[in-house]
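These numbers come from a predicted model, not from an experiment. We use all heavy atoms of the structure for the numbers below, so side chains are in, but hydrogens, waters and symmetry mates are not.
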Amino acid sequence: MDVRLTRRVAAALAPALVAGALVAAPADAASKKPREVRYKLEYSAWGAYAFHEHRDLGGDTADERYDFEITAAGAFDVVTFRNGAPLDVAEADRTEGLVGGEFLGWYQFTDGSSLQASCTASPGLDSAAGMTRLEEVGELARLDNEVEIALRPFDRLDVSLTCGDRGTAATTLTDDGKMGEGPFDLRFTLPRDVIGKGYIEQLVPERTITGAACPGVRQGGDATCTLTWQGRVRLRRIRGRTSTTGAGTTGAPKAPGTTGSVLKGVSARSVQVAPSGRTVSVKVACRAACTGAIVVEPGAQQPFTLRGGKSRRVVVRLDATTREAIRRDGQATVHIAAVAGGKTETKTLKVKARRR
């Protein structure tokens with residue numbers, strides 16, 4: 001059977017990302033850097049995961065392919081820097097985000113029978129996604145008067161799969177290596193002289209992970225795997241002497257982020273399916289600064305970041321599989337998820353598409 005696996009990488013964002021730090025001076029910068037400063041840290045990350053493995057199961061054989069797009073976002077409400085190093089982290093929310101894509105499996109049994117499975121990844125990170133961590137790494141950076149930080153959005157990602165009349169399934173991707181060296185880790189460096197500024201933004205350039213370091217590859221197994229991953233980190237200084245009770249347990253999360261009203265005025269009227277059928281656009285607005293993603297079933301995806309009170313029309317480019325699904329169903333199923341200030345809101349909208 002001729003099956004074409006689509007690869008939906010969020011490459012449209014790449015030209016806008018330039019590695020390095022963007023630093024804005026605070027409104028009331030003091031002439032002397034304080035000994036202790038606190039920040040709210042917000043992060044987002046996105047990439048594509050492609051995995052193929054052929055296994056011999058004692059006579060039976062299995063051929064499995066995963067093709068996912070992953071978008072993750074979250075925040076640490078308080079990160080305390082003392083003497084230029086991130087000593088304490090408090091109130092870390094679990095990562096929220098979206099997973100879209102597909103799984104294809106072919107199985108041949110010794111009795112001559114066979115089985116084929118075709119599943120789609122259900123949008124949304126599983127609520128059991130693992131711990132979020134933030135640590136200082138790279139001690140040599142201190143010699144250059146810098147601080148190197150590693151942020152792990154999750155150490156385990158459970159992806160739910162819908163397999164039509166065959167029911168549901170799930171797969172798990174793990175990130176349990178040394179901090180700063182894991183496949184999903186965001187690793188970045190800050191010059192110490194920027195710590196104390198009112199706003200710091202760090203872009204983590206795209207990297208590609210293959211071979212044994214790629215999630216899901218078993219030692220000695222016959223698998224090919226590629227993960228592309230990049231991200232963005234924003235630090236906004238917290239002014240005043242607010243309490244940091246509970247700080248000191250680096251990366252220990254509280255309960256998952258609560259749901260709440262994050263999106264503003266987003267409805268079916270906000271969604272437009274292009275007459276060409278090649279794109280779907282959504283006018284998105286958030287009540288506060290937010291990060292999120294839009295997924296058009298079965299898997300086309302586009303992340304976004306907005307300032308509070310601002311709106312923007314986010315365009316999702318559709319792959320061939322998604323275009324065919326919309327043409328067949330006569331409608332587009334669109335999931336919008338946004339995270340802001342520890343709150344998460346997800347909306348699912350169904351919009352009729354013009355038949356061509």
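For residues 160-184, every residue pair satisfying the ring pair (Phe, Tyr, Trp, His ring centres under 6.0 Å) rule, not counting sequence neighbours, is listed here: Phe154-Phe184, Phe184-Trp229. The disulfide (SG to SG under 2.5 Å) pairs that include a residue from residues 264-340 are Cys286-Cys290, where partners are two or more places apart or lie in different chains. For residues 145-194, the set of pairs meeting the disulfide (SG to SG under 2.5 Å) definition, not counting sequence neighbours, comprises Cys119-Cys163.
Once rounded to the nearest 0.5 Å, the distance linking CG of Asp63 with CG of Leu104 reads 9.5 Å. Note that OG1 of Thr80 and CD of Glu36 are 5.5 Å apart. Values are rounded to the nearest 0.5 Å. A distance of 8.5 Å separates CG in Leu306 from OG1 in Thr291, rounded to the nearest 0.5 Å. Here the CD1 atom belonging to Ile336 is positioned 13.5 Å from the CD atom belonging to Gln302, to the nearest 0.5 angstrom. With rounding to the nearest 0.5 Å, the separation of CG in Asp185 from NZ in Lys178 is 11.5 Å. A distance of 10.0 Å separates CZ of Arg323 from OG1 of Thr279, quoted to the nearest 0.5 Å.
Clustering ILVMFWY residues whenever any of their side-chain heavy atoms sit less than 4.5 angstrom apart, transitively, puts Leu349 in the very cluster that holds Val273. Val37 and Val147 fall within a single hydrophobic cluster, where Ile, Leu, Val, Met, Phe, Trp and Tyr side chains are chained together by heavy-atom contacts under 4.5 Å. Placement of Val280 and Val351 within a single hydrophobic cluster is found when ILVMFWY residues are connected by side-chain heavy-atom separations under 4.5 Å, directly or transitively.
For the residue pair Thr189 and Gln202, the shortest heavy atom distance occurs at O-OE1, 3.3 Å. Closest approach of Pro215 to Pro183, counting heavy atoms only: CG-CG, 3.8 Å. Nearest heavy atom pair, residue Ser114 against residue Gln108, reads CB-OE1, 3.5 Å. The two residues Ala75 and Tyr43 have their closest heavy-atom pair at N-CE2, 3.5 Å. When all heavy atoms of Thr71 and Gly292 are compared, the closest pair comes out as CG2-O, 4.3 Å.
When the salt bridge (charged side-chain N to carboxylate O under 4.0 Å, His left out) test is applied to Arg55, the partners found at least two apart in sequence or on another chain are Glu53, Glu64. For Thr110, the side chain to side chain donor-acceptor pair (under 3.5 Å) criterion is met by no residue, not counting sequence neighbours. Taking Thr224 as the reference, His52 meet the side chain to side chain contact (heavy atoms under 4.5 Å, CB included) condition, with sequence neighbours excluded. Checked against side chain to side chain contact (heavy atoms under 4.5 Å, CB included), Asp111 has the following partners two or more places apart in sequence or in another chain: Phe109, Ser113. Shown here are the side chain to side chain donor-acceptor pair (under 3.5 Å) partners of Ser281, two or more places apart in sequence or in another chain: Arg313. Phe103 is linked by a ring-ring contact (aromatic ring centres under 6.0 Å, His included) to Tyr66, counting only residues two or more places apart in sequence or in another chain. For Thr348, the side chain to side chain donor-acceptor pair (under 3.5 Å) partners at least two apart in sequence or on another chain are His335. Scored by the side chain to side chain contact (heavy atoms under 4.5 Å, CB included) test, Arg234 finds Tyr199, Glu201, Arg232, Arg236, Thr305 as partners (sequence neighbours excluded). Qualifying side chain to side chain donor-acceptor pair (under 3.5 Å) partners for Thr210, counting only residues two or more places apart in sequence or in other chains: none.
Residues Leu173 and Tyr49 meet the side-chain proximity criterion, which asks for heavy atoms closer than 4.5 Å. Side-chain atoms of Val217 and Phe51, non-hydrogen and from C-beta on, do get closer than 4.5 Å to each other. Contact check for Val233 versus Phe188: side-chain heavy atoms found under the 4.5 Å cut-off. Proximity of Arg278 to Leu318: side-chain heavy atoms (C-beta onward) are nowhere separated by under 4.5 Å. Inter-residue side-chain proximity for Asp155 and Thr174 is flagged as unmet; no heavy-atom pair is nearer than 4.5 Å. Residues Leu151 and Arg133 are not in side-chain contact: their nearest non-hydrogen atoms beyond the backbone lie 4.5 Å or more apart. Considering only heavy atoms from C-beta on, Glu181 comes within 4.5 Å of Arg187 through its side chain. Using a 4.5 Å cut-off on side-chain heavy atoms (C-beta onward), Gln301 and Val316 make no contact.
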- Query: Step by step, would you call Glu102 with Phe68 a side chain to side chain contact (heavy atoms under 4.5 Å, CB included)?
  - Reply: CA-CA 6 Å; Glu102 61 187 355; Phe68 293 153; 6.0 Å; no
- Item | Audit row: Thr208, Thr226, side chain to side chain contact (heavy atoms under 4.5 Å, CB included) steps and yes/no | CA-CA 7 Å; Thr208 301; Thr226 302; 3.7 Å; yes
- Given the rule in the side chain to side chain contact (heavy atoms under 4.5 Å, CB included) test, do Tyr107 and Asp60 qualify, once you have shown the distances and angles that lead to the verdict? CA-CA 7 Å; Tyr107 306 92; Asp60 299 336; over 6 Å; no
- Verdict with supporting geometry, Thr172 and Leu157, side chain to side chain contact (heavy atoms under 4.5 Å, CB included): CA-CA 6 Å; Thr172 299; Leu157 174 61; over 6 Å; no
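The only member of Val334, Ile294, Val266 that meets side-chain contact (heavy atoms from CB on, under 4.5 Å) when paired with Val271 is Val334.
With hydrogens and angles disregarded, no donor-acceptor distance shorter than 3.5 Å links the side chain of Arg207 to the backbone of Leu227. Distance alone, capped at 3.5 Å, is enough to place a donor-acceptor pair between the Asp319 side chain and the Thr321 backbone. Side chain of Glu345 to main chain of Val262: a donor-acceptor pair is present (N/O by atom type, distance under 3.5 Å, no hydrogens or angles). One N or O on the side chain of Asp56 and one on the backbone of Gly59 form a donor-acceptor pair closer than 3.5 Å.
The aromatic rings of Phe81 and Tyr39 lie perpendicular to each other, with more than 60° between the two planes, well past the 30° mark.
There is no side-chain donor-acceptor pair under 3.5 Å between Lys283 and Ser311.
A salt bridge between Arg192 and Glu146 is absent, with no side-chain N of the basic residue lying under 4.0 Å from a carboxylate O of the acidic one. Salt bridge present: Asp175 and Arg152 bring a charged side-chain N and a carboxylate O closer than 4.0 Å.
Around CZ of Arg312, the count of heavy atoms belonging to other residues, nucleotides or ligands within 6.0 Å exceeds 12.
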